[in-house]
Amino acid sequence: MASHELKTPVTIFSAFAQLLLTDEPLAGKAQPNGLLSRMNAQITKLTNLINDLLDLSKIEGNKLQYHFNYFDFNKMVQDVVDEMRLTTSGHTIDVKLVKSSNVVYGDRDRLIQVVANLLSNAIKYPGNSDNVKVSSTQNKQYVTVSVQDFGIGISKEKQHKISSRFFRVSGVEEDTYPGLGLGLYISNEIIKHHNGTIPVKCDKGKGSTFSIRLPLRKNDK
Ligand code: ADP
C-alpha cells in the first residue's frame, strides 16, 4: 500500500512533465500553469507521505524530538485553519474558539501537525457535506479543541482501530480517498507525549468529531 501511495504522485508528476516537454502545442489538453500547479500539488502530497514515513521511523526508534514552549493554543488553531482555507476550495470551515487565552506548554509545530491532520481528514472524508466545524472548550485544567465533520463517519466496530499504524477503514466509499493510515497514529503519539488524549465520536454515514484534549498547566515532559 505504501509503495502504491508513493508511486502514484510520481507517475502523475512525470506524465504532466512529459506533456509540458512535448513539442506539440498544449491547446485542448491543458495550460502550462494548470499543469504546473497540479505538479506542485503532487509534490506536496509526496512530501507529506515521506514526512509521515520519517516520523513513523523516528517514533519506532524513540527518536521523535520535541521542543516544548509556552504558546497560545487558540491562536495556533486559528492559524492552521487560516492556512487550510487558502489551500482548500469547496469547503467551509466554521470556527468558534473560547475567548479566554489558553496557554499550553508543548511543541507548537508538532501540535500544528496534529490539528492539520484532523482538519485535512475532516475535509478528505466528506460524504455529501462540505462543512467542517472547529470549536473549543476550556476548564481550569484542560483545553479541548474539536474538529467536526458531517462526512462518511466510521462504524463503531472500526473506531478503536483507527489510531493503529497503517490502519485504514476499507469499503467502497473509503477506498476512493488516498492515504497511508499513519496520520492518526502519529497524532496520537504526539498528543500522548503532551499528556493529552484524542477523544473520537463517529457515526457511520453521519460524520465524525475528533478532539484534542490537552492539559493547560506545565507538565514534567
Ligand atoms: P489516512 O492517511 O489513511 O487518512 P489516518 O491515520 O489519518 O490516515 O486515518 C486512519 C483512517 O481513519 C483513515 O484511513 C480513514 O479510514 C479513517 N478516518 C480518519 N479520519 C476520518 C474522518 N474524519 N472521517 C471518516 N474516516 C476517517
Side-chain angles (χ1 to χ4, degrees), residues 1-10 12 41-60 64 77 80-81 84-85 87-88 90-95 110-136 144-193 196-213:
M1 185 177 74
S3 69
H4 171 79
E5 289 291 326
L6 289 167
K7 274 183 195 159
T8 307
V10 178
I12 298 173
Q42 295 304 322
I43 292 182
T44 307
K45 203 182 252 178
L46 196 57
T47 310
N48 290 339
L49 290 173
I50 292 169
N51 282 339
D52 276 357
L53 286 170
L54 290 175
D55 282 349
L56 171 72
S57 85
K58 284 184 203 153
I59 289 168
E60 311 271 276
L64 196 66
V77 173
V80 177
V81 172
M84 201 66 99
R85 279 182 178 143
T87 51
T88 13
H91 266 81
T92 51
I93 308 175
D94 298 330
V95 186
R110 287 290 173 195
L111 292 173
I112 287 177
Q113 184 179 348
V114 178
V115 176
N117 177 234
L118 300 190
L119 257 177
S120 64
N121 276 351
I123 290 166
K124 189 160 85 172
Y125 301 100
N128 295 321
S129 166
D130 56 9
N131 181 241
V132 174
K133 288 191 190 315
V134 178
S135 59
S136 67
T144 305
V145 61
S146 299
V147 179
Q148 181 179 18
D149 67 63
F150 306 89
I152 62 172
I154 303 167
S155 68
K156 292 268 173 294
E157 312 86 71
K158 304 271 169 69
Q159 277 175 32
H160 66 283
K161 291 189 185 161
I162 52 176
S163 294
S164 311
R165 225 172 36 137
F166 292 118
F167 182 81
R168 307 201 71 220
V169 180
S170 55
V172 183
E173 277 180 308
E174 290 85 352
D175 289 347
T176 36
Y177 306 104
L180 280 179
L182 284 178
L184 286 177
Y185 171 74
I186 295 167
S187 295
N188 231 39
E189 289 297 316
I190 294 171
I191 295 300
K192 264 199 279 177
H193 198 86
T197 52
I198 303 190
V200 183
K201 273 193 224 152
C202 298
D203 245 336
K204 177 93 183 137
K206 291 191 179 155
S208 316
T209 305
F210 285 81
S211 304
I212 303 167
R213 186 171 183 263

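As the structure lists them, so they are numbered: ligands from 1, and atoms in each ligand from 1. Here, residue 1 is the first one in the sequence, and each next residue gets the next number.
- The shortest N or O to N or O distance between Phe210 and ligand 1 is not below 3.5 Å.
- In terms of modelled atom types and a separation under 3.5 Å, the side chain of Ser129 and the main chain of Pro126 share no donor-acceptor contact.
- Contacts of Arg110 classified as salt bridge (charged side-chain N to carboxylate O under 4.0 Å, His left out), with partners at least two apart in sequence or in another chain: Asp55.
- Of the protein's non-hydrogen atoms, the one nearest atom 7 (O) of ligand 1 is Asn121 ND2, 2.8 Å.
- Nearest heavy-atom pair, Val132 versus His91, reported as atom, atom and distance to 0.1 Å: CG2-CD2, 4.1 Å.
- In the vicinity of Asn117, heavy-atom distances shorter than 4.0 Å reach the ligand 1 atoms 7 (O).
- With hydrogens left out, the protein atom closest to atom 16 (O) of ligand 1 is Val169 N, 3.1 Å, a heavy atom.
- Atom-to-atom distance recorded for Ile152:CD1 and Asp203:CG is 13.0 Å, nearest 0.5 angstrom.
- If you number the atoms of ligand 1 from 1 as listed, the ones under 4.0 Å from a heavy atom of Gly153 come out as 25 (C).
- For the atom pair CD (Glu5) and NZ (Lys45), the distance works out to 8.0 Å, reported to the nearest 0.5 Å.
- Closest to atom 9 (O) of ligand 1 among all protein heavy atoms lies Leu184 CD1, 3.6 Å.
- Set against the non-hydrogen atoms of Ile154, the atoms of ligand 1 under 4.0 Å away are 17 (C), 18 (N), 25 (C), 26 (N), 27 (C).
- Atoms of ligand 1 lying under 4.0 Å from at least one heavy atom of Ile162, given by number and element, are 10 (C), 12 (O).
- Any N or O atom pair closer than 3.5 Å counts here, and Gly181 shares at least one such pair with ligand 1.
- To the nearest 0.5 angstrom, Leu56 atom CG is 6.5 Å from Ile59 atom CD1.
- Using a cutoff of 4.0 Å between basic side-chain nitrogens and carboxylate oxygens, Asp149 and Lys133 are not scored as salt-bridged.
- When hydrogens are left out, the protein atom nearest atom 3 (O) of ligand 1 is Arg168 NE, 2.5 Å; that is the closest non-hydrogen contact.
- Within ligand 1, counting atoms from 1 as listed, the ones closer than 4.0 Å to a heavy atom of Lys124 are 1 (P), 2 (O), 4 (O).
- Every atom of ligand 1 with a heavy atom of Leu180 under 4.0 Å away is listed here by number and element: 2 (O), 3 (O).
- Nearest protein heavy-atom contact of atom 4 (O) of ligand 1 is Tyr125 OH, 2.7 Å.
- Ligand 1 lies nowhere less than 4.0 angstrom from a heavy atom belonging to Lys158.
- Within ligand 1, the atoms closer than 4.0 Å to a non-hydrogen atom of Leu182 are 6 (O), 8 (O), numbered from 1 in the order shown.
- In terms of heavy atoms, Gln113 sits closest to Ile186 at NE2-CG2, 3.6 Å.
- Of all protein heavy atoms, the one closest to atom 11 (C) of ligand 1 is Phe167 O, 3.7 Å.
- Each of Val115, Ile212, Asn121, Ile198 was checked for a side chain to side chain contact (heavy atoms under 4.5 Å, CB included) with Ser187, and the lone residue meeting it is Ile198.
- The backbone N or O of Arg213 lies less than 3.5 Å from no partner atom in the side chain of Ser211, so there is not a single donor-acceptor pair.
- Listed by atom number, the atoms of ligand 1 under 4.0 Å from Gly179 heavy atoms are 2 (O), 3 (O).
- Put simply, the side chain of Met84 reaches to within 4.5 Å of the side chain of Ile93, judged on heavy atoms.
- At the top of the distance list for atom 23 (N) of ligand 1, counting protein heavy atoms only, stands Asp149 OD2, 2.9 Å.
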